[in-house]
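For the numbers below, each heavy atom of this structure counts, side chains included, while hydrogens, waters and symmetry mates do not. A quick note: this is a predicted structure, and the numbers were derived from the prediction, not measured.
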Amino acid sequence: LNPYLTRKNQIKKSSSQKSSVFFVSPNAATRPKSNYEQDLGSREHSLSSEAPEKTMEGPTVVQGTAVASPYDHRTKQESASQNETRDPTGPGVGAKQETRCRDPIFAFLLYGNVAAIVALVFIYGTDAFYTSVDENQQTQDGYDYSGYIYSVLVLGLFAIIFSGLSLPLMMCIPELLIKMSLFFMLGLSAAMMVMSFVTGNIIGGIIGVIFFLIFLCYAKAVWSRIPFASVNLLTACTAIRKNFCVIFVAYFFIALALGWSLLWAVALSGVSNKVIVESDTLNAGNQVNWGYLFLLFLSYFFTHQVIQNTTHCVVAGTVGTWWFSPGDSGCGAVMGSLVRSLTTSFGSICFGSLLVAIIQATRALANAARDNENQILVCIAQCILSCLESLLEYFNKWAFVYVGLYGYSYLEAGKNVITLFKNRGWEAIIADDLIGNVFFFLSLCVGLICAAIGYALGAGQDQWFVNAPLNSDIEYAVSVLGFIVGLVLTSILMSTIASAVNTVIVCFAEGPAEFEANHPELSAKMRETWLAFYPNCGC
């Protein structure tokens, strides 16, 4: 038996019925059969006579959220030899953590970073800001932008409505949406290939054929996994619907990110006038101070990564509450997860965010240096940095699920995630990106709908755009604006559901017994589709 398999004994039934024991471990060699395995023709295993009776206890509370499994995570031999609790530092199994601040030094680094940008705005940025405003007022030639503002408000309302309707749509037909999005991506690849040949770009067309064939093979390979991915999507949407306040938290952090971008831009404009560009008296040109530029890029990406990953941790903690203690779901669970993410777990969030921000700042610096000499070396460096950034962001996506669920430090969370998926054979499941196609497909659809509404606004509300710029092509301008607003606002909701999907995958490996006890219908669908693809996993 896998030393880290999860077992749940049902409450003792009547003498005429057999008691069942459920296991979740892809590596289990011997296990009792379940009703689902009988339907799928699996081998029979009988351990009911050996399994001791266990009564369900209340869920263990971690940082105010029930997350630790109340069931025995040890093998039969370990349980017989000792009755002490499982090792909380054991690999591959999440455990409750002591409530204290993790990685606090990195939280103080973020506080210092924000304070430095605010100081730069007051010292250098105010003069540059007012100078820019005065120049714009002198060159605007009486333009009136109120029509665009009204359009953004109307289009934003429609985008929120349609993106909200996508949630019940994903719950009703998740499998159909995954198939549609897969065909859409395949058709998009074919269209780009045909367009390259039509425009006479033979090399681009050949490359398009190669990618089309690769995507075709990918679609065939993952087709059998669509049912399991659809149940994951259904479970994540159900968790978000039960804790809908988390959507407002996501919108708040997006607004915070926008405010940070504006603040940083003012600081950059002031510093660039005073510090970054230094006049060279010997030469007539200007020299860029790359050290200051790197620090400014690092400051910008660091804070943005923290905002993004804080949202991810809030969603993970909220979904964890719904998974392990559904009675505590709602706005209270969302606020509790938010408070933990901004206090005890904030240092861990800042730690992982800083690592990605260093790579992003280096990439931005390399991109700014492309106009100089050694462009080939700069291009190679950018490619390597891009790969490192993608790998680290992918790692963070799963590590922050553990930070949000259990309150681990960043390094402990990463270690537990790697060990968990390594021991339980989940590498193939993580590689499935089917649900991401659905999010892109729905965001694109809402964006196109808002573009059509924007075109109608531009054509029907002429009085809004009397003195507006681009007055002759106002329909197309508002249409493009509607597409951007719809795409961005829908992507915010989709990113929240994506975080919930990641949490569901981890929780299904961590606490299948709790899932069976608290959400039996969803658990039955999850185990049935899992067994259909992995019949020997022992679910």
Side-chain angles (χ1 to χ4, degrees), residues 58-68 88 94-115 236 239-257 259-260 302-354 396-397 399-410 412-413 416 492-493 495-497 499-500 502-504 506-507 510-511:
T60 305
V61 176
V62 180
Q63 298 192 77
T65 304
V67 290
K96 64 178 182 179
Q97 299 297 299
E98 179 186 355
T99 303
R100 61 182 178 85
C101 293
R102 310 280 172 175
D103 306 315
I105 184 65
F106 298 98
F108 286 113
L109 285 177
L110 178 74
Y111 300 148
N113 166 51
V114 175
I240 293 298
R241 184 173 62 86
K242 294 293 185 180
N243 302 273
F244 202 75
C245 293
V246 75
I247 302 296
F248 299 104
V249 174
Y251 281 120
F252 167 75
F253 278 111
I254 292 298
L256 190 64
W260 166 253
F302 183 23
T303 306
H304 257 289
Q305 281 290 318
V306 169
I307 293 173
Q308 175 184 334
N309 293 327
T310 301
T311 307
H312 186 49
C313 285
V314 171
V315 175
T318 303
V319 174
T321 302
W322 171 84
W323 185 282
F324 294 100
S325 183
D328 297 329
S329 298
C331 293
V334 175
M335 293 306 298
S337 181
L338 176 62
V339 170
R340 291 191 303 275
S341 298
L342 294 177
T343 53
T344 56
S345 297
F346 194 61
S348 302
I349 296 172
C350 295
F351 188 0
S353 302
L354 180 60
N396 281 353
K397 179 172 67 174
F400 286 130
V401 170
Y402 262 71
V403 171
L405 280 176
Y406 297 102
Y408 278 111
S409 67
Y410 177 72
E412 291 173 339
N416 274 268
I492 296 172
L493 175 61
S495 64
T496 304
I497 302 176
S499 299
N502 298 334
T503 308
V504 165
V506 172
C507 286
E510 279 286 300

Stepwise, does the side chain to side chain contact (heavy atoms under 4.5 Å, CB included) test hold for Thr311 with Val249?
CA-CA 7 Å; Thr311 307; Val249 174; 5.6 Å; no
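- Relative orientation of the Tyr402 and Tyr406 rings is tilted, given thresholds of 30° and 60° on the angle between their planes.
- With values rounded to the nearest 0.5 angstrom, Leu405 atom CG is found 11.0 Å from Asn416 atom CG.
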Could you walk me through whether Asn396 and Tyr410 pass the side chain to side chain contact (heavy atoms under 4.5 Å, CB included) check?
CA-CA 9 Å; Asn396 281 353; Tyr410 177 72; 2.4 Å; yes
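- Residues Phe351 and Ile105 fail the side-chain proximity criterion, which asks for heavy atoms closer than 4.5 Å.
- Side-chain contact between Arg102 and Tyr408: absent, with no pair of heavy atoms (C-beta onward) separated by less than 4.5 Å.
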Begin with the C-alpha distance, continue with both residues' side-chain angles, and end with the deciding distance and a verdict on side chain to side chain donor-acceptor pair (under 3.5 Å) for Ser348 and Asp103.
CA-CA 5 Å; Ser348 302; Asp103 306 315; 3.0 Å; yes
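- Looking at Val504 and Val319, their side chains come closer than 4.5 Å, going by heavy atoms from C-beta outward.
- Two residues are said to be in side-chain contact when any heavy atoms from C-beta on lie closer than 4.5 Å; Ser345 and Phe400 fail this criterion.
- Contact check for Thr318 versus Val314: side-chain heavy atoms found under the 4.5 Å cut-off.
- Put simply, the residue from Leu110, Val306, Asn113, Leu109 that forms a side chain to side chain contact (heavy atoms under 4.5 Å, CB included) with Leu354 is Leu109.
- Looking at His312 and Val401, their side chains come closer than 4.5 Å, going by heavy atoms from C-beta outward.
- Within the 3.5 Å criterion, the main-chain N or O of Gly330 finds a donor-acceptor partner in the side chain of Asn243.
- In terms of modelled atom types and a separation under 3.5 Å, the side chain of Ser337 and the main chain of Val334 share no donor-acceptor contact.
- For the atom pair CD1 (Ile349) and CG (Leu342), the distance works out to 7.0 Å, reported to the nearest 0.5 Å.
- At distances below 3.5 Å, not a single donor-acceptor pair connects side-chain atoms of Arg340 with backbone N or O atoms of Gly404.
- Annotation for Ile497 and Ala236: closest pair O-CB, 4.2 Å, computed over non-hydrogen atoms.
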What verdict does the side chain to side chain donor-acceptor pair (under 3.5 Å) test give for Ser353 and Asn309, after you've listed the backbone C-alpha separation in whole Å, the side-chain angles of each residue and the deciding distance to 0.1 Å?
CA-CA 7 Å; Ser353 302; Asn309 293 327; 2.8 Å; yes
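- Summarising the geometry, atom CZ belonging to Phe244 is positioned 15.0 Å from atom OG belonging to Ser329; distances are rounded to the nearest 0.5 Å.
- With rounding to the nearest 0.5 angstrom, the CG atom of Leu256 is 9.0 Å from the NE2 atom of His304.
- Nearest heavy atoms, Cys350 versus Ala107: SG-CA, 3.9 Å.
- Ser499 and Asn502 share no donor-acceptor pair across their side chains, judged by distance under 3.5 Å alone.
- Rounded to the nearest 0.5 angstrom, Phe253 CZ and Ile492 CD1 are separated by 12.5 Å.
- Annotation: side chain of Thr310 is not in contact with side chain of Cys313 (no heavy-atom distance under 4.5 Å).
- Using a 4.5 Å cut-off on side-chain heavy atoms (C-beta onward), Tyr111 and Phe346 make contact.
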